[in-house]
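What follows is one structure encoded as structure tokens, with my remarks underneath.
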Amino acid sequence: MTSSRPVIDVVVLTMNDRPAAFPRAMASLLAQQGVELRVVIVGNGVEPDPGQVPAAVRTVTLPVNAGIPEGRNVGADALAGPGCGEFVFFFDNDAVLPAPDTLARLVAEARRHPEAAYIQPRIADPDTGATMRRWVPRLRAGDATRPGVITVMAEGVVLVRRADYEQAGGWPGHFFLFHEGIDLSWRLWDLGRTGWYAPDIVIHHPATDPARHAGFYRLVARNRVWLAYRRLPAPLIPVYLATWTLLGVIRIRSRANLALWAAGLREGLKGGHGRRRPMSWTTVLRLTRAGRPPII
């Protein structure tokens with residue numbers, strides 16, 4: 001008898017560097033009810049620790065650290081084909097699903113918003129309950145509990161319809177880290193789809209500083225340039241880059257970090273962004289009407 005429960009393909013990445021958080025994440029995932037899960041753990045440059053891989057969970061080992069977006073692509077591809085899920089859930093391995101119906105509620109939200117290619121839950125720190133501004137996928141982020149249409153995403157925990165994900169072409173793997181969610185969101189919007197923020201569905205994630213990552217300032221600047229060259233109509237590219245250059249100069253206080261950021265900007269301008277597939281002007285208008293013109 002065929003199960004009537006929605007099927008979700010779940011992609012989790014590991015570098016075997018979270019011996020306490022990773023088992024908690026997996027336990028909360030496998031405790032989900034009302035859904036059928038197909039889970040893959042991708043070892044990004046490592047073989048997933050057998051002691052932390054639950055039974056019946058598939059693993060894929062990448063010989064080198066290919067970066068987060070490419071690791072997610074590999075995981076989603078590993079679960080593709082016959083029997084694949086209607087949805088793909090990308091799940092950071094230090095996040096926790098605090099209730100056993102979290103994924104079922106995300107699917108129900110997707111059913112209520114069939115125009116949305118992706119559903120974004122609210123991310124909150126497990127200790128303080130606070131939602132960081134960068135986790136709220138809209139410009140006016142002061143009220144993290146306000147639901148609505150969104151044009152970008154917080155990539156670490158997001159539910160995406162597989163058909164839309166595959167039609168959009170997946171994550172930009174060569175970005176390695178940072179801004180890959182904007183690239184994917186814009187491509188989904190360019191398909192005529194939208195995103196939806198469901199803040200009443202909460203997922204826990206520690207509030208860490210992204211600048212802890214080596215190469216943060218360089219990758220952030222480089223990927224901004226690549227994003228503009230890949231996705232924006234030509235007249236908007238200089239506007240977008242000028243806006244973010246000004247914001248970078250204003251926000252970055254350290255001269256050393258500013259030098260790293262400038263190096264990344266130069267790297268991006270040299271090329272390497274990959275295939276250029278600019279969004280239509282119709283998409284520019286739709287994004288603007290949704291509250292975030294694609295120049296900021």
Side-chain angles (χ1 to χ4, degrees), residues 1-14 21-42 53-58 72 75-76 78-126 129 131 135-137 144-150 153-168 181 184-185 188 193-206:
M1 182 176 179
T2 303
S3 172
S4 60
R5 297 179 299 173
V7 179
I8 305 175
D9 294 338
V10 183
V11 177
V12 186
L13 307 186
T14 186
F22 186 24
R24 285 197 299 269
M26 294 305 298
S28 74
L29 174 66
L30 297 181
Q32 293 300 294
Q33 300 172 4
V35 293
E36 181 179 336
L37 302 182
R38 302 168 72 247
V39 183
V40 64
I41 297 172
V42 178
V53 177
V57 170
R58 182 174 178 178
R72 293 186 187 122
L79 296 175
C84 69
E86 178 185 358
F87 302 93
V88 186
F89 181 59
F90 297 97
F91 185 48
D92 273 1
N93 72 349
D94 57 346
V96 169
L97 305 173
D101 64 345
T102 300
L103 290 185
R105 291 179 65 200
L106 279 175
V107 170
E109 199 73 10
R111 299 279 190 252
R112 283 190 287 271
H113 299 279
E115 74 287 349
Y118 60 99
I119 306 296
Q120 179 75 64
R122 180 165 66 89
I123 305 171
D125 181 83
T131 295
W135 288 339
V136 183
T145 64
R146 178 168 57 87
V149 174
I150 51 174
M153 67 173 69
E155 309 93 334
V157 283
V158 63
L159 184 79
V160 187
R161 298 181 198 273
R162 178 175 278 279
D164 292 323
Y165 169 84
E166 292 182 349
Q167 188 177 356
L184 178 56
S185 298
L188 291 168
R193 309 291 280 145
T194 66
W196 182 260
Y197 179 51
D200 59 322
I201 304 173
V202 177
I203 291 180
H204 290 162
H205 190 293

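In this chain, numbering begins with 1 at the start of the sequence shown. Not measured: the values here are computed from a predicted model.
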I need the minimum non-hydrogen distance between [X] and [Y], along with the two atoms involved.
{"X": "T131", "Y": "I123", "answer": "OG1-O, 2.8 Å"}
{"X": "V157", "Y": "Q120", "answer": "O-NE2, 2.9 Å"}
{"X": "I150", "Y": "P137", "answer": "CG2-O, 3.3 Å"}
{"X": "A76", "Y": "V88", "answer": "CB-CG1, 4.5 Å"}
{"X": "V57", "Y": "V53", "answer": "O-CG1, 3.8 Å"}
{"X": "A99", "Y": "T102", "answer": "O-OG1, 2.8 Å"}

*Donor-acceptor contact below 3.5 Å, side chain R58 vs main chain L79*: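 Not a single qualifying donor-acceptor pair exists.
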Within-4.5 Å side-chain heavy-atom neighbours: [X] and [Y]:
{"X": "I203", "Y": "L97", "answer": "yes"}
{"X": "D200", "Y": "P147", "answer": "no"}
{"X": "L184", "Y": "E155", "answer": "no"}
{"X": "R111", "Y": "P6", "answer": "yes"}
{"X": "V35", "Y": "L37", "answer": "yes"}
{"X": "L103", "Y": "L29", "answer": "yes"}
{"X": "V202", "Y": "R122", "answer": "yes"}
{"X": "F22", "Y": "I41", "answer": "yes"}

Nearest 0.5 Å, please: how far is [atom2] in [Y] from [atom1] in [X]?
{"X": "R72", "Y": "Y165", "atom1": "CZ", "atom2": "OH", "value": "9.5 Å"}
{"X": "F87", "Y": "D164", "atom1": "CZ", "atom2": "CG", "value": "9.5 Å"}
{"X": "D92", "Y": "T14", "atom1": "CG", "atom2": "OG1", "value": "11.5 Å"}
{"X": "R24", "Y": "H204", "atom1": "CZ", "atom2": "NE2", "value": "12.5 Å"}
{"X": "E86", "Y": "E36", "atom1": "CD", "atom2": "CD", "value": "12.5 Å"}
{"X": "R105", "Y": "I119", "atom1": "CZ", "atom2": "CD1", "value": "12.5 Å"}

*Assign the ring pair H113 / W196 to parallel, tilted or perpendicular, where the plane angle (0 to 90°) is split at 30° and 60°.*
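The rings of H113 and W196 lie parallel, inter-plane angle below 30°.
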